[in-house]
Amino acid sequence: MPDDAGATRVIPDASLDELLPAVVDLSLAAGAAIMKVYDTDFAVEHKDDRSPLTQADLAAHEVLVEGLERLAPYPVLSEESAAIPFARRREWHTYWLVDPLDGTREFVKRNDEFTVNVALVHEHEPVLGVVYAPALRLCYYAARGQGAWRRREEGAPEAIRVAPEVRDPVLVAGSRSHAGDSLKRFLERLGPHRLVSMGSSLKLCLVADGTVDVYPRLGPTSEWDTAASHCVVEVAGGAVTGTDLRPLRYNTREALLNPHFLVFGDRAHDWRASL
């Protein structure tokens, strides 16, 4: 069993260099487990322990937990282990934070925009992140000191960076399944813009690779939904902040819900004016 406090208080960049490709491979394996269910003629009537959605989620979860414990025996936190009390979690200096299947509505709708998310969190900050969309065969990954990358299918990795300046009109990532009044108000205050709809944590990755300028998330999310893509955005030069423009932090309280947040590339722009 992993040490609850994590193996070390300091993670050298050299170890992240070794871990990153291994976590990418593990995420691909989890994605393959998901696709075995996704490629069947399934029907979802109820979300219970026998639904194909849960079968896919649990299959990916098993692949990730077993593989991560072999790679580096830090604690693993996910939706499946969310009941771990904060009194125990608060002692963790380093841990894996995973979402085996992010984008449940996208999975059910078969629009291919669901992901496997794996992050290594150290002292409340994600220092390694992998986001893999198995149906799209698209992988984003990054680690502190190792750069941020995108790989399509079996092609060569491409280094990615955020857009350094806001475009006119502003390009905004928005949720396919969770748009609401708060987003509408933000867009009204933002001014001329074009909305790019996307599911799951891929919205943050659109900021990371410069496809869009900003992603406002003004609704509920959990920490495992954002940590992996948060790392990709930050290493690519962007920011993931609360509406107070302070960086999101992880495992700091009993609740595992994120506050409303913004993801952006241009740090000089006054995003608060649109809130």
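Only a predicted model underlies this, so the values are computations on that prediction, with no experimental measurement involved. If you read the sequence from its start, that first residue is 1, and numbering goes on from there. Side chains included, hydrogens not; waters and symmetry mates left out as well; all remaining heavy atoms used.
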Item to complete: Check the pair L120, L97 against side chain to side chain contact (heavy atoms under 4.5 Å, CB included), reporting the backbone distance first and the verdict last.
Response: CA-CA 6 Å; L120 183 64; L97 181 55; over 6 Å; no

Counting distance only, does the side-chain N/O of [X] pair as donor-acceptor with the main-chain N or O of [Y] below 3.5 Å?
{"X": "R253", "Y": "L257", "answer": "yes"}
{"X": "W271", "Y": "A268", "answer": "no"}
{"X": "N251", "Y": "R89", "answer": "yes"}
{"X": "H124", "Y": "Y250", "answer": "yes"}
{"X": "N117", "Y": "V131", "answer": "no"}
{"X": "R272", "Y": "D244", "answer": "yes"}
{"X": "R189", "Y": "L275", "answer": "yes"}
{"X": "S200", "Y": "E113", "answer": "yes"}

Worksheet item: In the single-linkage hydrophobic clustering (I, L, V, M, F, W, Y; side-chain heavy atoms under 4.5 Å), do L26 and W149 co-cluster?
Response: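 Yes, same cluster.
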
State, without any angle test, whether [X] and [Y] hold a side-chain donor-acceptor pair at a distance under 3.5 Å.
{"X": "S182", "Y": "R185", "result": "yes"}
{"X": "S78", "Y": "H61", "result": "yes"}
{"X": "S201", "Y": "T115", "result": "yes"}

Test item: [X] and [Y] side chains (from C-beta on) under 4.5 Å apart, heavy atoms:
{"X": "D57", "Y": "F107", "value": "no"}
{"X": "R137", "Y": "E154", "value": "yes"}
{"X": "F261", "Y": "T241", "value": "no"}
{"X": "L77", "Y": "W96", "value": "no"}
{"X": "V207", "Y": "D213", "value": "no"}
{"X": "L206", "Y": "V196", "value": "yes"}
{"X": "L19", "Y": "L128", "value": "yes"}
{"X": "D99", "Y": "V118", "value": "no"}

Which heavy atom in [X] sits nearest to a heavy atom in [Y], and how many Å separate them?
{"X": "A208", "Y": "V232", "value": "CB-CG1, 3.7 Å"}
{"X": "E234", "Y": "V240", "value": "OE2-N, 4.5 Å"}
{"X": "F264", "Y": "L262", "value": "CD2-CB, 4.0 Å"}
{"X": "V235", "Y": "G147", "value": "CG1-C, 3.3 Å"}

Discussion item. I'd like to know whether M198 forms a side chain to side chain contact (heavy atoms under 4.5 Å, CB included) with V212, so could you lay out the CA-CA distance, the side-chain angles of the two residues, the decisive distance to 0.1 Å, and finally the verdict.
Written reply: CA-CA 11 Å; M198 183 63 69; V212 303; over 6 Å; no

Worksheet item: Does the pair K184/E188 count as a salt bridge with the N-to-O cut at 4.0 Å?
Response: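 Judged by the 4.0 Å cut-off on N to carboxylate O distance, K184 and E188 do not form a salt bridge.
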
Worksheet item: Would you call E125 and R144 a salt bridge, taking side-chain N to carboxylate O under 4.0 Å as the test?
Response: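 No, no charged N to carboxylate O under 4.0 Å.
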
Crowding at [atom1], [X] (>12 non-hydrogen neighbours, <6.0 Å):
{"X": "R167", "atom1": "CZ", "answer": "yes"}
{"X": "E158", "atom1": "CD", "answer": "yes"}
{"X": "R246", "atom1": "CZ", "answer": "no"}

Item to complete: In sequence, state the C-alpha distance, the side-chain angles, and the governing distance for F114 and Y38, and then conclude on ring-ring contact (aromatic ring centres under 6.0 Å, His included).
Response: CA-CA 11 Å; F114 53 88; Y38 191 63; 4.7 Å; yes

Worksheet entry | Residues E79, S222; criterion side chain to side chain contact (heavy atoms under 4.5 Å, CB included); working and verdict | CA-CA 9 Å; E79 189 170 5; S222 296; over 6 Å; no

Fill in: Test log, rule side chain to side chain contact (heavy atoms under 4.5 Å, CB included), inputs H193 and L190
CA-CA 7 Å; H193 66 272; L190 182 63; 4.0 Å; yes

Discussion item. Tell me if the aromatic rings of H122 and Y95 count as close, with their centers under 6.0 Å from one another.
Written reply: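 No, the ring centres sit 6.0 Å or more apart.
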
Worksheet item: In this structure, which one of L248, V121, N258 forms a side chain to side chain contact (heavy atoms under 4.5 Å, CB included) with E223?
Response: N258

